[in-house]
Amino acid sequence: MTVVNDKTYRERVYEIVRRVPAGKVMTYGQIALILGEGYTARTVGYCMHAADEGVPWQRVINSQGKCSTGKMTMPVNLQQSILESEGVVFSGSGKCDLAMYQWHPEGYEPEPDDQTKLFGTD
DNA sequence: AACTTGACGAGGG
DNA sequence: CCCCTCGCCAAGT
């Protein structure tokens, strides 16, 4: 099964991230599972650090419900601040309740049999 | 072409 | 809760 990639590896990640509404978040691993094949949480994170404008990178956090941007290009507290301004509430240890804020995109399922069912034919 | 570097995640201590 | 180890895979050197 050969999947023809019009978009780059990274853009597939961005397509999903762009759909995350304000006040909601997704995790790196969640996105990796959705894309399946060749994608891991690690590579999703790698794609995010180079996200273009228009990609709400701040809405992607780790599976513990915390921001992981520290020491790279963006301070953790800044990412958290942005999310808080979007309505996400963090507890004292900088953690948010994923059960409450994690967004589950509709139409996307882990390892789909037929990729044409994802968004219909674009 | 080989080696290193991560915005990760699960598991164990 | 904090720390470490290992597996994962694209990108940059």
Side-chain angles (χ1 to χ4, degrees):
Chain A
M1 170 201 95
T2 306
V3 178
V4 179
N5 293 336
D6 292 344
K7 320 237 174 198
T8 64
Y9 188 94
R10 288 172 176 163
E11 266 219 48
R12 308 233 157 177
V13 177
Y14 302 154
E15 275 187 36
I16 294 181
V17 178
R18 272 192 274 257
R19 288 174 157 77
V20 182
K24 287 290 182 180
V25 298
M26 283 185 82
T27 67
Y28 303 99
Q30 184 190 359
I31 293 172
L33 282 176
I34 289 171
L35 291 172
E37 187 188 322
Y39 287 82
T40 67
R42 196 114 202 180
T43 54
V44 168
Y46 201 86
C47 292
M48 295 310 297
H49 81 104
D52 305 310
E53 288 180 39
V55 179
W57 53 268
Q58 73 271 20
R59 293 175 194 153
V60 184
I61 63 182
N62 64 27
S63 68
Q64 315 167 77
K66 300 165 84 175
C67 303
S68 315
T69 45
K71 297 195 174 166
M72 243 329 181
T73 41
M74 208 54 107
V76 167
N77 61 349
L78 179 54
Q79 177 176 16
Q80 185 174 320
S81 292
I82 299 175
L83 289 177
E84 287 174 331
S85 75
E86 295 182 348
V88 179
V89 177
F90 286 80
S91 51
S93 46
K95 210 158 79 171
C96 77
D97 184 1
L98 283 179
M100 180 130 127
Y101 301 109
Q102 183 168 21
W103 185 61
H104 305 281
E106 295 173 29
Y108 271 119
E109 305 222 353
E111 302 174 38
D113 287 327
D114 185 353
Q115 298 224 339
T116 64
K117 291 178 180 174
L118 291 184
F119 278 118
T121 50
D122 227 315

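Every value quoted in this text rests on a predicted model; they were computed, and no experiment measured them. Below, read A as the first sequence line, B as the second, and so on, with proteins coming before strands; counting in each chain starts at 1.
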Going by atom type alone, with no hydrogens or angles, which donor-acceptor pairs under 3.5 Å involve a side-chain atom of residues 92-102 of chain A and a protein atom two or more places apart or on another chain?
{"unit_1": "A/Asp97", "atom_1": "OD1", "unit_2": "A/Ala99", "atom_2": "N", "d": "3.0"}
{"unit_1": "A/Tyr101", "atom_1": "OH", "unit_2": "A/Val89", "atom_2": "N", "d": "3.2"}
{"unit_1": "A/Gln102", "atom_1": "NE2", "unit_2": "A/Gln30", "atom_2": "OE1", "d": "2.5"}

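The closest side-chain heavy-atom distance from A/Thr69 to A/Met48 is not below 4.5 Å.
Straight-line distance from the OH atom of A/Tyr28 to the C1' atom of C/dC9: 16 Å, rounded to whole Å. As rounded to whole Å, 18 Å separates atom P of C/dC8 from atom OH of A/Tyr39. Atom CD in A/Glu37 sits about 16 Å away from atom P in C/dC8, given to the nearest Å. What separates NZ of A/Lys66 from C1' of B/dG9 is a distance of 14 Å, to the nearest Å. Here B/dG6 presents its P atom at 18 Å from CE of A/Met74, a figure rounded to the nearest Å. Taking atom CD1 of A/Ile16 as the reference point, atom C1' of B/dA7 lies 16 Å away to the nearest angstrom. In this structure, A/Gln64 atom CD and B/dG11 atom P are separated by 13 Å, rounded to whole Å. Protein atom CD1 of A/Ile61 is 11 Å distant from nucleotide atom C1' of B/dA7, rounded to whole Å.
The side chain of A/Tyr46 sits closest to C/dG12 out of C/dC9, B/dA7, C/dG12. When distances are taken from the side chain of A/Ala41 to each of B/dA7, B/dG9, C/dG12, the shortest belongs to B/dG9. Which of C/dC1, C/dA11, B/dA7 sits closest to the side chain of A/Met48 comes down to B/dA7. With distances taken from any side-chain atom of A/His49 to the nucleotides C/dC1, C/dC9, B/dA7, the minimum falls on B/dA7. Distance from the side chain of A/Thr40 is smallest for C/dC8 among the nucleotides C/dC8, B/dA7, C/dA10. In the set C/dC2, C/dC1, B/dG9, C/dC1 carries the atom at the smallest distance from any side-chain atom of A/Ser93. Here B/dG9 is the nucleotide among C/dC1, C/dG12, B/dG9 with the atom lying nearest to any side-chain atom of A/Asn62. Picking from C/dA10, C/dG12, B/dA7 the nucleotide with the shortest atom distance to the side chain of A/Trp57 gives B/dA7.
Between A/Ser63 and B/dA10 there is a side-chain N or O to OP1 or OP2 distance below 4.0 Å.
A/Tyr46 meets the ring pair (Phe, Tyr, Trp, His ring centres under 6.0 Å) test with A/His49; sequence neighbours excluded.
A/Gly38 comes within contact range of the sugar-phosphate backbone alone, with a heavy-atom separation under 4.0 Å but no base atom that close.
Side-chain contact check for A/Thr43 and A/Tyr9: at least one donor-acceptor pair (N or O, by modelled atom type) lies under 3.5 Å.
One N or O on the side chain of A/Tyr28 and one on the backbone of A/Val60 form a donor-acceptor pair closer than 3.5 Å.
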